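What follows is a single structure, written as structure tokens, with notes after it.
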Amino acid sequence: MIWLFTRMSGGQSLMIGKKKSLKADIIIGIGDLSKMTGVSARQLRYWEEKGYIQAVSGKKNATRKYKFEMSFKVQAIKRYLDEGYTLAKSVEQAEKLRKKFEIWKKFLVGKVQEVEITDTQHNYGVIELGCVDEEQKKKIYGVVDENGCHFELRDYAEADN
DNA sequence: GTTCTAACA
DNA sequence: TGTTAGAA
């Protein structure tokens with residue numbers, strides 16, 4: 001079963017459908033989480049008991065509900081588990097992966113200035129990664145083309161800014 | 001029909 | 001971890 005909740009200003013959640021929704025949280029049950037990740041409900045309960053994953057705050061005897069985002073964490077843990085890591089190590093690796101992704105995100109948001117689509121058909125483009133030489137007006141670009149991807153140092157005109 | 005806990009394989 | 005049981 002899937003529930004849709006919307007975050008209200010007071011911090012409490014209400015069922016969607018009463019509009020006023022800004023951010024909608026998708027909440028899933030243990031059965032769905034299990035089906036979408038391939039991790040058994042038994043394992044999910046055990047992982048939660050160990051503190052590796054969290055259900056959304058609820059009463060003790062109520063059915064578990066998870067944020068949709070939790071499926072990514074579960075998938076990551078399963079991935080490492082399948083690679084042969086122990087559960088504890090898998091959780092560790094999954095957490096490391098999450099932290100690495102946060103760094104990626106910060107870099108992307110902070111440094112990528114422009115993305116130019118050069119080929120709509122093949123989804124090629126050029127990513128502007130910023131100025132490396134103010135004097136000689138050079139910028140570094142990440143280029144995605146038929147050869148894959150590579151970096152390029154290019155001159156840029158003042159007009160580009 | 002689904003999920004819960006507890007217990008045992 | 002899987003599977004079962006009985007209850008909610």
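Below, chains carry the letters A, B, ... as their sequence lines are ordered, and counting in each starts from 1. In this text the structure is predicted, and so the values were computed from the model without any measurement. Hydrogens, waters and symmetry mates are skipped; everything else that's a heavy atom, side chains included, is used.
With rounding to whole Å, A:I30 atom CD1 is found 13 Å from B:dT2 atom P. Taking atom CD1 of residue A:I27 and atom P of nucleotide B:dT3, one finds them 15 Å apart after rounding to whole Å. Distance OH (A:Y46) to P (B:dC8): 18 Å, rounded to an integer number of Å. Distance, A:E48 CD to C:dT1 P: 15 Å, rounded to whole Å. One atom, OH of A:Y52, and another, C1' of C:dT1, lie 14 Å apart when rounded to the nearest Å. Here the P atom of nucleotide C:dT1 and the CZ atom of A:R45 are 14 Å apart, to the nearest Å. Distance A:E49 CD to C:dT1 P: 12 Å, rounded to the nearest Å.
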Show each protein N/O and nucleotides 3-8 of chain C N/O combination with a separation under 3.5 Å, one pair to a line.
residue : atom : partner : partner atom : Å
C:dT3   : O4   : A:R42   : NE           : 3.2

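Counted by atom type alone, A:Y141 and A:Q113 present zero donor-acceptor pairs between their side chains at under 3.5 Å. There is a side-chain donor-acceptor pair under 3.5 Å between A:S40 and A:Q43.
Under the 4.5 Å side-chain criterion, counting only non-hydrogen atoms from C-beta, A:I30 is not in contact with A:T63. Two residues are said to be in side-chain contact when any heavy atoms from C-beta on lie closer than 4.5 Å; A:L44 and A:I53 meet this criterion.
Contacts between residues 69-81 of chain A and DNA chain B, counted as heavy-atom distances below 4.0 Å, involve no residue at all.
A:K138 NZ: more than 12 foreign heavy atoms inside a 6.0 Å radius. In A:L108, the CG atom is crowded: over 12 heavy atoms of neighbouring residues, nucleotides or ligands sit closer than 6.0 Å.
The shortest distance between the side-chain N/O atoms of A:S40 and the OP1/OP2 oxygens of C:dG2 is below 4.0 Å. Between A:R64 and B:dT3, a side-chain N or O to OP1/OP2 separation shorter than 4.0 Å is absent.
Ring planes of A:Y124 and A:H122: parallel class, angle under 30° (limits at 30 and 60°).
Checked by atom type and distance alone, the side chain of A:T37 never pairs as donor or acceptor with a backbone atom of A:Q75 at under 3.5 Å.
Nearest heavy-atom pair, A:C131 versus A:K139, reported as atom, atom and distance to 0.1 Å: CA-CG, 3.7 Å.
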